[in-house]
2 protein chains.
Amino acid sequence: MNETKNDLTGRNEAEEVSKEVTDKYSLRGRVFNRIREDILSGKYAENEELKEVSIGNELGVSRTPVREALRQLELEGLVNIIPNKGAYVHGISQKDIHDIYVIRSYLEGLAARWACERITDEEIENLEENVYIANFHIGKKHYETIVELDSQFHETIYKASGSKILEHQLSTYHHYVERIRKISLGREERAKKANEEHAAILEAIKGRNGDLAEKLAHEHIISTIANLNKQGL
Amino acid sequence: MNETKNDLTGRNEAEEVSKEVTDKYSLRGRVFNRIREDILSGKYAENEELKEVSIGNELGVSRTPVREALRQLELEGLVNIIPNKGAYVHGISQKDIHDIYVIRSYLEGLAARWACERITDEEIENLEENVYIANFHIGKKHYETIVELDSQFHETIYKASGSKILEHQLSTYHHYVERIRKISLGREERAKKANEEHAAILEAIKGRNGDLAEKLAHEHIISTIANLNKQGL
DNA sequence: GCAAGTATCATTGTATACAATAATGCACAT
DNA sequence: ATGTGCATTATTGTATACAATGATACTTGC
């Protein structure tokens, strides 16, 4: 009865993984990721009502997983729920994205500072490899890979900060602006500069220079914001 | 069959309001707040399994609202959910609390800076009244009220920052450490100092001095951390 | 005695049924 | 024509039923 390509009951969808919802194979997890992506990608209009049955039908599942997903999205702030009334899209605006970058500029700095104290040798090697390989792919203009490596670089530092709280928060923000990051790193000039900045941050962390690492990581995000402005975002 | 004092189906429980879950009158909302409080207050042991039926029975509701609440708590990081297995308490540790304060020290600074640009006259009056009244209650040792006023002072600045994202994040953290804040402000010396710091931050905001406001708000939290350390927390 | 396999039970995952609430539209009075 | 009230419908809120999964304990063969 429901054999569209949207059906989530099969195992054939290569859904993007969300760090927040560990349960990537449950219906709820997939519905959550799906709606989230659809909101972040702008498929839904702002304030559009998200009806449980409609979405359920569209995705080939019952109301239950949809409800749970919507409730979680409410907590993430991507959905507004008015009791006994409905769930409404509350996507992130241009201003929200800007705010997130500014917030990140502080928190990435803090993560780099903490990483200086707690990073493991393995993680350092990880970062060195990342910078080295990224350099190769930038030359080859492999933009998909570049974005992926950029994600990994930052995620590694989040983890190395040794703070679950900070890691969790930065991961969430990082995902929020994924769409923007793809655009930003799509310019070779920016990708190159970003990787140089990564290298500098890595050196500061290796040298266990907390002040410098914080400053460089902070400036790395500020530099990203400047680039976004240049691109008219 | 279920007429214990824990029953949430009645309207007689004065549940604490959570800013995140707007639906304070739905069963889910109340179950959410209840479990959250119980985790934050330490009623549950770390890694304790939270079984849907048990909690449902305890609270006099079915599994459905409990499930939804647990899924939300997972997103908040207070509960670990292992698919097909169970939900486990993942309370916040001493280190988490410390991390939150450090993170807050940056974000409160940012909020104060942004507030300088966007705060309304009404909000300024609000803050002035807050500081003035707090001074009175500190003299009277009305600690409940002092904590409440402290919350309001900070929440007002969060709102005045004009950033939904930042407001949301700071509110969440603020609630996380509520238990600690009660202890901290329970010392007259600290309550007095905190209010003086509030007054200074307010003056900086009124003077639209972003750099100073950020610095003072940042230091206000650092000063709180120092006090916590002094109290052996 | 012990390990592997299996049956049983407990628990979660999903779907659906029923209840409560809010929205809609129509009839009717003014 | 307009607004009020009621009936109808749509939608969410909650409970429960059923399915699937994982845990447990027992049995059986060695």
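Computed over heavy atoms, backbone and side chain alike; hydrogens, waters and symmetry mates excluded. Residue numbers begin at 1 in each chain, while the letters A, B, ... track the order of the sequences. Remember, predicted model here, so these are calculated numbers, not experimental data.
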### Task
Starting from C1' on D/dT11, measure out to CD1 on A/Ile82 and report it in whole angstrom.
13 Å
### Query
Starting at CD1 of B/Ile55 and ending at P of D/dT14, how long is that distance when rounded to a whole Å?
16 Å
### Query
Which of the following nucleotides, D/dA15, D/dG22, D/dT14, is nearest to the side chain of B/Val61?
D/dA15
### Message
Rounding to an integer number of Å, can you tell me how far A/Glu52 CD sits from C/dA17 C1'?
### Response
15 Å
### Query
Which nucleotide in the list D/dT11, D/dG13, C/dT12 gets nearest to the side chain of A/Glu49?
D/dT11
### Query
How long is the line joining CG of B/Asn57 and C1' of C/dA10, in whole Å?
14 Å
### Query
Which residue lies toward the 5' end of DNA chain D, B/Lys85 or B/Pro65, if each is placed at its nearest nucleotide?
B/Pro65
### Query
Whole Å only: how far is the CG atom of B/Leu50 from the P atom of C/dA10?
20 Å
### Message
Would you say that more than 12 heavy atoms from the other residues, nucleotides or ligands in this model lie under 6.0 Å from the CG of A/Asn229, or not?
### Response
yes
### Query
Does a donor on one side chain and an acceptor on the other come within less than 3.5 Å for A/Arg181 and A/Ser151?
yes
### Message
Any side-chain N or O of A/Arg28 below 4.0 angstrom from OP1/OP2 of C/dT12?
### Response
no
### Query
Just checking, is any N or O donor in the side chain of A/Glu108 or A/His154 under 3.5 Å from an acceptor N or O on the other one?
yes
### Message
Expressed as a whole number of angstroms, how long is the span from A/Leu27:CG to D/dC18:P?
### Response
20 Å
### Task
May I have the distance from A/Lys51 (atom NZ) to C/dA23 (atom C1'), rounded to whole angstrom?
11 Å
#### Entry: Residue whose closest nucleotide on DNA chain D lies nearer the 5' end, A/Gly86 versus A/Thr64
A/Gly86
### Message
Output the rounded distance in Å from CD (A/Glu68) to P (D/dT12).
### Response
15 Å
### Task
Could you verify whether a donor N or O on one side chain and an acceptor N or O on the other, from A/His175 and A/Glu37, lie under 3.5 Å apart?
yes
### Message
With a 4.0 Å limit, can you tell me whether A/Arg63 has a side-chain N or O closer than that to the phosphate oxygens OP1/OP2 of C/dT16?
### Response
no
### Query
Which listed nucleotide (D/dT16, C/dG13, D/dG13) is nearest to the side chain of B/Arg71?
C/dG13
### Message
Ignoring hydrogens and geometry beyond distance, is a side-chain donor-acceptor pair present between A/Arg118 and A/Ser163 at under 3.5 Å?
### Response
no
